[in-house]
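All ligand and atom numbering here is 1-based and tracks the order in the structure.
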Amino acid sequence: MNKQKTIEELKQIIQAEHIKQDEPLREYTFTKTGGNADFLVLPTTYEEVQNTILYAHKNDIPLTILGNGSNLIVRDGGIRGIVLILNHLDKIYMEDGKIIAQSGATIIDVSRFALEQKLTGLEFACGIPGSVGGAVYMNAGAYGGEISQVIESAIVLNEKGELLTLTKDEMELTYRSSLIAKQNYIVLEARFAPVPGDVKEIKEKMDELTFLRESKQPLEYPSCGSVFKRPPGYFAGKLIQDSGLQGAQIGGAQVSTKHAGFIINTGDATATDYLALIKHVQDTVKANFGVSLETEVKIIGEED
Ligand SMILES: Cc1cc2nc3c(=O)[nH]c(=O)nc-3n(C[C@H](O)[C@H](O)[C@H](O)COP(=O)(O)OP(=O)(O)OC[C@H]3O[C@@H](n4cnc5c(N)ncnc54)[C@H](O)[C@@H]3O)c2cc1C
């Protein structure tokens, strides 16, 4: 890939100030780790997203989409090709009694918008720090609620840049996965169908969940939330705790002493530290309990 040629061609599609070259992705991830993107592109319209996909496809340039970076570890070698972030596409509005949210809006803002509209069903999302796109892709959930319970449909682009509308059933939303993840679709917007509720009860529920989150999670440190999926019949945090791993540290990455399912960045962690600690936790839990912990966090990019 000729970088100079690529940047000139990208400028035909995206305004120059929304293209960054050799951009450090640690600025865009919640762990504050990770290498550089060759090109970071921040589109402001759906057409720009579509044109970027078509351009990448035509020129055989790898394309990676990031959301809010709250469930990601980007390896220290960074990401080759084009990285797309849709955080300029962040409108949230009502249409026919449903909430339409663009992919780059945060799901926390969607939850707050539902409260303002006196709608119930999105309280569970009030502390999940992802974007709408990332939340739909992951079928994010907490405290008994998840995206699949409240989403009606989503507009996505496939790898050829074709626009598709998927109903909830077509999205195949399962535990922290979806058809969108399997097919590498890009979410542009989602339609949510919360129902009228009592504003006081909605607010109380959100306050209660916020209190639970703040008291149990190490929110004072950078992290990517729960690192591992819940293994059938177990809780990942309990297995890690019972293995005596809380406080275990490699480089600047540490298994949280507050919540065993979290790995925090104590200050100068690299993605390599994170990955070594994840492997150490997986190996130790496997040796102690015979359970394989699968990562919930997505690990992408190249080694240093
Ligand atoms: C403190 C903390 C608490 C958390 N609590 C919870 C919780 O309670 N429940 C929960 O489920 N998760 C939780 N998470 C994890 C995370 O917030 C969710 O998984 C969230 O849905 C990820 O969204 P994101 O936009 O940050 O995605 P990213 O981390 O940026 O990306 C995750 C995946 O989604 C893909 N993606 C992102 N945007 C799009 C798009 N527009 N189209 C297609 N694919 C896309 C990416 O390619 C990547 O594979 C927590 C994380 C933190 C740091």
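Of the candidates Gly130, Pro129, Ala125, Pro129 brings a heavy atom nearest to atom 14 (N) of ligand 1. With atom 3 (C) of ligand 1 as the reference point, the heavy atom nearest to it among Arg213, Glu189, Arg176, Gln183 is part of Arg213. Within the set Ser70, Ser178, Ser223, Gly145, the minimum heavy-atom distance to atom 15 (C) of ligand 1 is found for Ser70. One option in Ser103, Gly261, Gly134 has a heavy atom closer to atom 38 (N) of ligand 1 than any other, and that option is Gly134.
Of the N or O atoms in Gly225, none lie within a sub-3.5 Å distance of an N or O in ligand 1. Residue Gly141 has at least one nitrogen or oxygen atom sitting less than 3.5 Å from a nitrogen or oxygen atom of ligand 1, judged on distance alone. Considering backbone and side-chain atoms alike, Val187 places an N or O below 3.5 Å from some N or O of ligand 1. Here's the thing with Tyr137: one of its N/O atoms is less than 3.5 angstrom from an N/O atom of ligand 1. Among the atoms of Lys298, none of the N or O lies under 3.5 angstrom from an N or O of ligand 1. Between Asn71 and ligand 1, a contact under 3.5 Å exists for at least one N or O pair. Considering backbone and side-chain atoms alike, Gly67 places an N or O below 3.5 Å from some N or O of ligand 1. Annotation: Asn68 places an N or O atom under 3.5 Å from an N or O atom of ligand 1; distance criterion only. Not a single N or O atom of Gly127, backbone or side chain, sits closer than 3.5 Å to an N or O atom of ligand 1.
Judged purely by distance below 3.5 Å, without hydrogens or angles, the side chains of Asp76 and Thr272 pair a donor atom with an acceptor atom. Looking at Thr210 and Glu214, their side chains never bring a donor and an acceptor atom within 3.5 Å of each other. Looking only at atom types and distance, the side chain of Glu123 has no donor-acceptor partner in the side chain of Tyr143 under 3.5 Å away.
When heavy-atom distances to ligand 1 are checked against a 4.0 Å cut-off, Val156 has no atom that comes that close, whether in backbone or side chain. Residue contacts with ligand 1, taken as heavy atom pairs separated by less than 4.0 Å, involve Ser131 via backbone and side-chain atoms alike.
Look at Glu146 and you'll find every heavy atom at least 4.0 Å from all atoms of ligand 1. By the 4.0 Å heavy-atom criterion, Tyr143 is excluded from the residues contacting ligand 1.
A salt bridge links Lys200 to Glu204: one of the charged nitrogens lies within less than 4.0 Å of a carboxylate oxygen. Between Arg191 and Glu95 there is a salt bridge, since a side-chain N of the basic residue sits under 4.0 Å from a carboxylate O of the acidic one.
With respect to atom 31 (O) of ligand 1, the closest heavy atom belonging to the protein is Leu72 CG, 3.7 Å. With hydrogens left out, the protein atom closest to atom 46 (C) of ligand 1 is Ile65 O, 3.3 Å, a heavy atom.
The number of heavy atoms from other shown groups lying within 6.0 Å of CG (Asn2) is above 12. Atom OH of Tyr175 has more than 12 neighbouring heavy atoms from other residues, nucleotides or ligands inside a 6.0 Å radius. Counted within 6.0 Å of CD on Gln183, heavy atoms from surrounding residues, nucleotides or ligands total more than 12; the atom is thus considered enclosed. By the neighbour-count criterion of 12 heavy atoms within 6.0 Å, atom NZ of Lys91 is sparsely surrounded, having that number or fewer from other residues, nucleotides or ligands.
Within the 4.5 Å cutoff, side-chain heavy atoms of Asp22 are placed close to those of Lys3. When side chains are defined from C-beta on, Thr31 does not count as touching Ser223, because their heavy atoms never get closer than 4.5 Å.
The salt bridge (charged side-chain N to carboxylate O under 4.0 Å, His left out) with Glu294 is formed by just one residue from the set Lys286, Lys229, Arg230; it is Lys229.
Short contacts between ligand 1 and Ala140, defined as distances under 4.0 Å to a heavy atom of the residue, involve ligand atoms 11 (O), 21 (O). Close contacts of ligand 1 with Cys224, meaning ligand atoms under 4.0 Å from a residue heavy atom, involve 51 (C), 52 (C), 53 (C). Distances below 4.0 Å separate heavy atoms of Leu219 from the following atoms of ligand 1: 1 (C). Near Ala142, meaning under 4.0 Å from one of its heavy atoms, ligand 1 places the atoms 8 (O).
When all heavy atoms of Ile202 and Leu119 are compared, the closest pair comes out as CD1-O, 3.4 Å.
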